[in-house]
Student: 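Below: one structure in structure tokens.
Proteins get letters first, then strands, A, B, ... in listed order; numbering begins at 1 in each. Only a predicted model underlies this, so the values are computations on that prediction, with no experimental measurement involved.
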Amino acid sequence: MRLSQMLFQTMRQASTDIMLPGYQYLQRGGFVRSVSGGAYVFLPLGVQVRRQLQRVLAHLMEEWGGQEIGLPALQPLEVIEGQAEVTFPDWAAPLQHAVSCGGEGYRTWTLPSSHEQLMLALARNIIQSYRQLPVLLYLFWQAPEPAMRTALGLLAGRESMVLDAYSFHSDEADRNTLCQSILTSWADLAERADMPVHRVIADLDDEASRLIWPWRDGDHSFLICDACRWACDQAIAPVRKPVPPAEAAQPLREVATPDCKTIAALCSWLRIPPSRTAKSLFLVAEEGGAVKRHVIAVVRGDTELSVIKLKRLLGMSGLRPATEEEIRTLGAEPGYGSPVGISAAEVVVDQLVVHSSNLVAGANRAGYHLLNVNYGRDYQATYTADIAMAQAGDLCPSCATPLQLEHGIELGIVGGLRPEIMQAHHVIYLDPSGIPQPVMLGRHRFYMDRFIAATGETHHDAMGLIWPTFLAPYDVYLMTLGRPSSPVSEVADTLYTELHNAGVRVLYDDRDERAGVKFYDADLIGLPLRVVIGERDVAEGMVEVKRRCSGEVVKVAIPDVVTWVKGAL
RNA sequence: CGGGGUGUGGCGCAGUCGGCGAGCGCGCUGCGUUUGGGACGCAGAGGUCGUCGGUUCAAGUCCGACCACCCCGACCA
């Protein structure tokens, strides 16, 4: 590619909306441009980076026998109904009512962030026999990301180019093996880019795992064990704390607690630790805007509720805090609530509360709490379960070492759907004995734009980006010095052709610019090699080659350049 | 959710005690001089001053609402 032909412009100063060095270089170098919070234009140079990554990912997919397919971005509302049930637990619901096409007033089109429901329908139609399994389908597309944080730039954009893959298997073990293999190959890819990554459990039931790039400001929280490397999403990690010493149940007693509407206030008033309190959360489960169930979730005061755990337990996707009126309707008192004496709601009690005696809980009377509240004696539960959020310092489920809380950016996720769901959607095949069996579905996603952005944050210096070779938009920055008409141009033109014919991807800076401009741009863009054709060297039959990563500069005889470059990449 | 800040050509900013033609740097166009680490001169193009409403003879400037983005905080029952 000749730079003079390319839509390309570098900037001395990038937009200051997000102060991340890698992101700034991506903008300054003419890779991407921000449209408005969370939406990005990929300029030709940025598209080349995407293309490199896409090539590698497609190659991996083909190695597993994958076949590329094309899927629609817009889907009718009826197709994606129930989507929440089949996406990963923390994925946002599809963007409802995104589009309604004129002339079809009765039909609402949506822009869902994945294609699970569609793939189930496809599998139902196409897969009938065990002979067709396994199948791996994949596609690249720009997926909407409702749960974005624009402050992270490309690391969490409103949409991201992704690789989505769906695999269909006859048995679960086969599927799980592929999931892990895919995740391993992605982890290897990150390693090739010198990026540390963790494999983090995303779902204990579905064998889902994420690829997380640890980064202090990341929006994904996970717990990791330094001893055995077990790692899990914070929202679903099983809580394991030291069991409190057993105590004899003391008599229930009401105590005045003025202005103690929060656990913190209550604890300082009574001079007790939060672990001696029970926190009651009043929630409402809704479906289609209609109130379905009132739920009181009880967790110990030193923990927080994991909404995801509770949603899964209840099988409800819509759960919101109750309003004060709704709380009073149940006979409880906001700020002083507890399930004691309340009968009109389902009660879900966290396991820790079950095993903790003589806790302080709300008296359902403004300004009063109850001392020595004990589960079983003073109130009952519809369910008891682990519904609390795990915290740093909790014990590793596999080796009991205290866990660390870390943050990161999710680069990929693999997982499956439970057989019951496949049954429910009638996605079945006939096994060799003619018996209907549920098809096992695996779904896998790799966030390409985040990966590119993370690489940018990881690989740069004071002058600009430093791409790993496999991701670099081009291999070589070939540039001339002096006037375009002078003899160096002939040498450069020849080298450009020779390198190109040798399969080297060359970005040829043939612009009529001063040397300094070209040098600065070369450093900013960060291609692995820079080849400089200057009058002085050419007179001696040489050109100068520089490695971007090390800064090493060598002179190479013109006839040897192609060989040298190929060896250096 | 709370607090603070910002919004003016493609990018970075100034202008904000209301008052002639809305400016500067970078970038862009043309001509000339330059040419091994972001050159210089001259001449140009380019702006609904976030949106809507209000006050006024007069609003980028004052008032109100809204929107968007950034930073910090906290986050709860």
Student: Map A/Leu283 and A/Val532 onto RNA chain B by nearest heavy atom, then report which one ends up closer to the 5' terminus.
Tutor: A/Val532

Student: Considering only atom P, compute the distance from B/rU16 to B/rC75 and round it to an integer number of Å.
Tutor: 41 Å

Student: Of the candidate nucleotides B/rG36, B/rU35, B/rA77, which contains the atom at the shortest distance from the side chain of A/Ile263?
Tutor: B/rA77

Student: So which protein nitrogen or oxygen atoms get under 3.5 Å of nucleotides 45-50 of chain B's nitrogens or oxygens?
Tutor:
none

Student: Side chain of A/Arg28, base of B/rG38: donor and acceptor closer than 3.5 Å?
Tutor: yes

Student: Relative to the 5' end of RNA chain B, which residue comes earlier, A/Asp537 or A/Gly337, by the nucleotide with the nearest heavy atom?
Tutor: A/Asp537

Student: Base, sugar-phosphate alone, or nothing: which one does A/Arg530 contact when heavy atoms must sit under 4.0 Å apart?
Tutor: base

Student: Pick the C1' atom in B/rC57 and in B/rG50, then give their distance to the nearest Å.
Tutor: 28 Å

Student: Classify the nucleic acid contact of A/Lys518 as base, sugar-phosphate or nothing, counting any heavy atom under 4.0 Å across all strands shown.
Tutor: nothing

Student: For B/rC75, give its Watson-Crick or G-U wobble partner with both distances under 3.5 Å, or none.
Tutor: none

Student: Nearest whole angstrom, please: distance from the C1' of B/rG36 to the CD of A/Glu540.
Tutor: 14 Å

Student: Between B/rG21 and B/rG36, how many Å separate the two C1' atoms, rounded to a whole number?
Tutor: 45 Å

Student: Mind checking A/Ser280 for me? I need base, sugar-phosphate or nothing, with any heavy atom below 4.0 Å counting as a touch.
Tutor: sugar-phosphate

Student: What is the separation between atom CZ on A/Arg12 and atom C1' on B/rA39, rounded to the nearest whole Å?
Tutor: 10 Å

Student: On a whole-Å scale, what distance lies between the C1' atoms belonging to B/rU6 and B/rC49?
Tutor: 14 Å

Student: Could you check how far CG of A/Leu524 sits from C1' of B/rG27, rounded to whole Å?
Tutor: 15 Å

Student: Taking protein heavy atoms under 4.0 Å as touching, what does nucleotides 2-13 of chain B look like 5' to 3' if B marks base contact, S marks sugar-phosphate-only contact and - marks none?
Tutor: --------SSSS

Student: Does A/Arg514 place a side-chain N or O at less than 4.0 Å from the phosphate oxygens OP1/OP2 of B/rA39?
Tutor: yes

Student: Roughly how many Å apart are B/rA74 and B/rC13, using the C1' atom of each and rounding to a whole number?
Tutor: 33 Å

Student: For A/Thr277 and A/Arg300, run side chain to side chain donor-acceptor pair (under 3.5 Å): C-alpha distance rounded to whole Å, both residues' side-chain angles, the deciding distance at 0.1 Å, then the answer.
Tutor: CA-CA 6 Å; A/Thr277 66; A/Arg300 225 167 59 177; over 6 Å; no

Student: Using the C1' atom as the reference point in each nucleotide, state the distance between B/rG23 and B/rG46 in Å, no decimals.
Tutor: 14 Å

Student: Could you tell me how far apart A/Tyr520 (OH) and B/rG27 (C1') are, to the nearest whole angstrom?
Tutor: 17 Å

Student: Give the nucleotide from the list B/rG38, B/rA77, B/rG37 with an atom nearest to the side chain of A/Lys279.
Tutor: B/rA77

Student: Is the base of B/rG36 touched by the side chain of A/Glu535 through a donor-acceptor pair closer than 3.5 angstrom?
Tutor: no

Student: So for A/Glu304 and B/rC75, does any side-chain atom that can act as donor or acceptor lie under 3.5 Å from a complementary atom in the base?
Tutor: no

Student: Measure from CG on A/Leu155 to C1' on B/rC70 and round the result to the nearest Å.
Tutor: 16 Å

Student: Nearest to the side chain of A/Val517, heavy atoms from C-beta on, is which of B/rU35, B/rG38, B/rG37?
Tutor: B/rG38

Student: Provide the Watson-Crick or G-U wobble partner of B/rA43, both distances under 3.5 Å; none if there is no partner.
Tutor: B/rU29

Student: Nearest-Å distance, CE (A/Met389) to P (B/rA77)?
Tutor: 14 Å

Student: In whole Å, what is the span from the CG atom of A/Asn364 to the P atom of B/rA77?
Tutor: 15 Å

Student: Between atom CG in A/Asp509 and atom P in B/rU35, what is the gap in whole Å?
Tutor: 19 Å

Student: Using the P atoms only, state how far B/rG10 lies from B/rG5, rounded to an integer number of Å.
Tutor: 27 Å

